[in-house]
Amino acid sequence: MSISRKVKEIAPSLTLEITAKAKKMKADGISVIGFGAGEPDFNTPEYIIDSAKKALDIGFTKYTPAAGMLELKKAVCDKFLKDNNLVYDSAQIVISSGAKSSLYHAICAIVDEGDEVVLPSPFWLTYPELIKLAGGKCVYVQTKKENGYKMTAEQFAEIITDKTKCLILNTPNNPTGAIYSEEEIKAIAKVAEEKGIYVISDEIYEKLVYEGEKHYSIAQYSEKMKDLTIIINGMSKTYAMTGWRIGYLAAPLSIAKAISSMQSHTTSNACSISQYASVTALTAPEGEQFIAKMQKVFDERRKLMIEMLQDVDGIECVQPKGAFYVFVNVSKLYGKKYDGVEINGSLTFADCALKQGIALIPGIAFGNDECIRLSYAISIEDIKEGLTRLISFINLLK
Ligand SMILES: Cc1ncc(COP(=O)(O)O)c(C=O)c1O
């Protein structure tokens with residue numbers, strides 16, 4: 001059996017690999033605190049669940065239009081207007097089976113074989129694989145800790161060639177928790193606009209911002225920039241609906257139409273029941289309350305993480321202002337040994353930490369081998385226990 005070249009080149013998800021290892025250890029009776037979670041640890045709110053039950057009861061169980069049911073597209077347009085001051089027509093919205101699916105379709109719609117896609121590093125680990133699948137070439141921009149792991153407009157301008165097709169911008173960011181400020185985004189937009197570069201703007205963590213930070217979408221910069229932008233967002237993180245698989249995008253009409261026709265062949269449409277419940281999620285007043293509550297809980301955990309990590313010798317973390325991750329630089333510990341094994345990168349760090357009952361994601365999965373990613377989508381008790389273990393693990397290194 002021969003596997004296609006394209007698919008052979010796809011790396012399996014390290015996140016899932018570590019999560020599986022940790023699960024096995026737990027099943028074997030070993031205590032492991034998992035800092036790997038990529039999803040809110042909250043249940044989907046009851047009012048959304050009730051709406052899905054209603055969808056079943058009224059028989060809303062058939063195909064929907066490929067780009068999604070009109071009511072949901074309208075609710076998404078209202079969301080863009082209310083939250084981002086962006087006017088979209090429902091024909092510019094495509095509902096997909098999760099933001100991951102929206103991203104893949106968006107990349108396929110604009111990237112031709114050999115086109116360059118600019119990716120600020122660290123990056124969410126799925127982007128390079130989707131770019132490769134679409135036949136594009138990833139061009140990485142190494143961001144600096146001093147800049148809060150954010151790409152500057154100067155770095156962006158320098159990397160552009162005549163093959164550059166698009167930039168993938170992710171704010172708030174996974175894995176760093178960084179948020180690009182309005183000024184930083186405007187400077188990047190100016191470059192993109194001048195050079196006619198598309199921007200796929202992944203805004204899935206939009207609602208998870210702290211310390212009074214405000215999310216700013218690059219499409220807000222100007223009408224011209226809006227015509228170069230595909231915004232990706234979804235229900236997973238905002239409404240704790242990861243398993244429901246609803247993502248959405250907003251794009252210039254011709255791109256939205258192309259994506260819709262592609263999607264009509266790849267997935268037909270996103271799950272009708274989840275779409276129905278998503279209309280309720282976005283429009284019912286309970287939504288705001290749920291988001292505010294979740295944000296408050298995440299913020300308390302974020303503060304605890306920073307407090308417990310800030311004075312630990314040998315590690316450094318840039319204060320995360322969004323999402324639910326802390327990206328910790330552990331490179332000063334490289335060269336030390338744990339149980340005879342030399343720690344020479346984020347992979348050995350993660351392997352050894354797992355032996356001490358802490359599951360974390362090595363930064364190399366996100367393009368930065370100096371760091372590890374810790375998620376705080378876990379309880380306060382687990383954070384306390386897990387970080388206590390991490391600190392004793394670090395103290396054990398000789
Ligand atoms: C940055 C980023 N974008 C997109 C997604 C995908 O979300 P969805 O569950 O909607 O596919 C994730 C999920 O972890 C993410 O971290």
Side-chain angles (χ1 to χ4, degrees), residues 13-19 34-42 44 48 68 72 76 79 93-107 117 119-131 133 138 143 149-151 167-180 199-209 215 217-218 230-250 259 263 266-267 269-271 274-275 277-278 281-282 298 320-327 361 363 365-368 373-378:
S13 163
L14 252 179
T15 322
L16 295 186
E17 209 176 294
I18 297 204
T19 314
F35 282 107
E39 60 184 343
D41 54 325
F42 296 84
T44 305
I48 301 175
L72 181 53
V76 168
K79 174 244 142 355
I93 307 297
V94 181
I95 311 296
S96 302
S97 305
K100 211 178 246 188
S101 175
S102 307
L103 273 162
Y104 181 51
H105 289 135
I107 295 169
V117 179
L119 209 47
S121 173
F123 45 79
W124 180 45
L125 48 78
T126 290
Y127 300 140
E129 310 310 318
L130 297 185
I131 295 165
L133 270 179
C138 304
T143 62
Y149 295 114
K150 291 184 272 189
M151 181 187 73
L167 158 71
I168 298 190
L169 192 64
N170 173 215
T171 179
N173 187 273
N174 176 7
T176 65
I179 297 179
Y180 282 74
V199 176
I200 295 179
S201 181
D202 184 345
E203 305 180 8
I204 193 125
Y205 293 99
E206 170 186 23
K207 296 286 183 183
L208 297 174
V209 296
H215 168 75
S217 170
I218 194 160
I230 305 177
I231 300 182
I232 308 288
N233 207 324
M235 309 304 290
S236 288
K237 318 286 173 174
T238 308
Y239 296 95
M241 289 174 71
T242 45
W244 299 64
R245 310 310 302 132
I246 296 290
Y248 55 84
L249 61 82
I259 292 174
Q263 184 164 284
T266 54
T267 58
N269 60 260
C271 167
S274 301
Q275 286 192 60
S278 296
L282 284 165
F298 274 137
K321 301 264 176 78
F324 41 70
Y325 309 104
V326 186
F327 206 52
I361 311 296
F366 313 102
N368 183 320
R373 189 193 75 175
L374 302 173
S375 157
Y376 48 90
I378 55 172

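In listed order, ligands and their atoms are each counted from 1. As the structure is a prediction and not an experimental result, all values here were calculated from the model.
Annotation: Leu103 places no N or O atom under 3.5 Å from an N or O atom of ligand 1; distance criterion only. Among the atoms of Lys100, some N or O lies under 3.5 angstrom from an N or O of ligand 1.
In terms of protein heavy-atom proximity, atom 1 (C) of ligand 1 is closest to Asp202 OD2, 3.4 Å. Shortest contact from atom 6 (C) of ligand 1 to any protein heavy atom: Trp124 CH2, 3.6 Å. From the protein, the heavy atom lying nearest to atom 10 (O) of ligand 1 is Ala99 N, 2.7 Å.
If you number the atoms of ligand 1 from 1 as listed, the ones under 4.0 Å from a heavy atom of Gly98 come out as 10 (O), 11 (O). Atoms of ligand 1 found under 4.0 Å from any heavy atom of Tyr205 (numbered from 1 in listed order, with element): 1 (C), 14 (O), 15 (C), 16 (O). Which parts of ligand 1 touch Tyr127 is read off a 4.0 Å heavy-atom cut-off, strictly below it: atoms 1 (C). Those atoms of ligand 1 that come under 4.0 Å of a heavy atom in Arg245, given as number and element, are 8 (P), 9 (O), 11 (O).
Glu203 places no side-chain N or O within 3.5 Å of a backbone atom of Ile231 that could act as its donor or acceptor partner. Between the Arg373 side chain and the Thr176 main chain, no donor and acceptor come within less than 3.5 Å of each other. Formation of a donor-acceptor pair under 3.5 Å by the Lys321 side chain with backbone atoms of Val209 is not found in this model. Judged by distance alone, with hydrogens and angles left aside, the side-chain atoms of Thr44 form a donor-acceptor pair with the main-chain N or O of Ala240 at under 3.5 Å. Within the 3.5 Å criterion, the main-chain N or O of Ser97 finds no donor-acceptor partner in the side chain of Gln263.
Residue Thr242 places every heavy atom at 4.0 Å or more from ligand 1. Not close to ligand 1: Phe123, with no non-hydrogen atom less than 4.0 angstrom away. Residue Ser236 places a heavy atom under 4.0 Å from ligand 1.
With a heavy-atom cut-off of 4.0 Å, Asn170 touches ligand 1 through its side chain alone.
No side-chain donor-acceptor contact under 3.5 Å links Trp244 and Ser278. There is no side-chain donor-acceptor pair under 3.5 Å between Asn368 and Tyr149.
Here the closest heavy-atom approach between residue Ser121 and residue Thr143 is recorded as O-OG1, 2.7 Å.
Considering Tyr205, Phe35, Trp124, Tyr376 as possible partners of Tyr325, the one that fulfils the ring-ring contact (aromatic ring centres under 6.0 Å, His included) test is Tyr205.
Closest to atom 14 (O) of ligand 1 by heavy atom, among Glu203, Lys237, Glu39, Met235, is Lys237.
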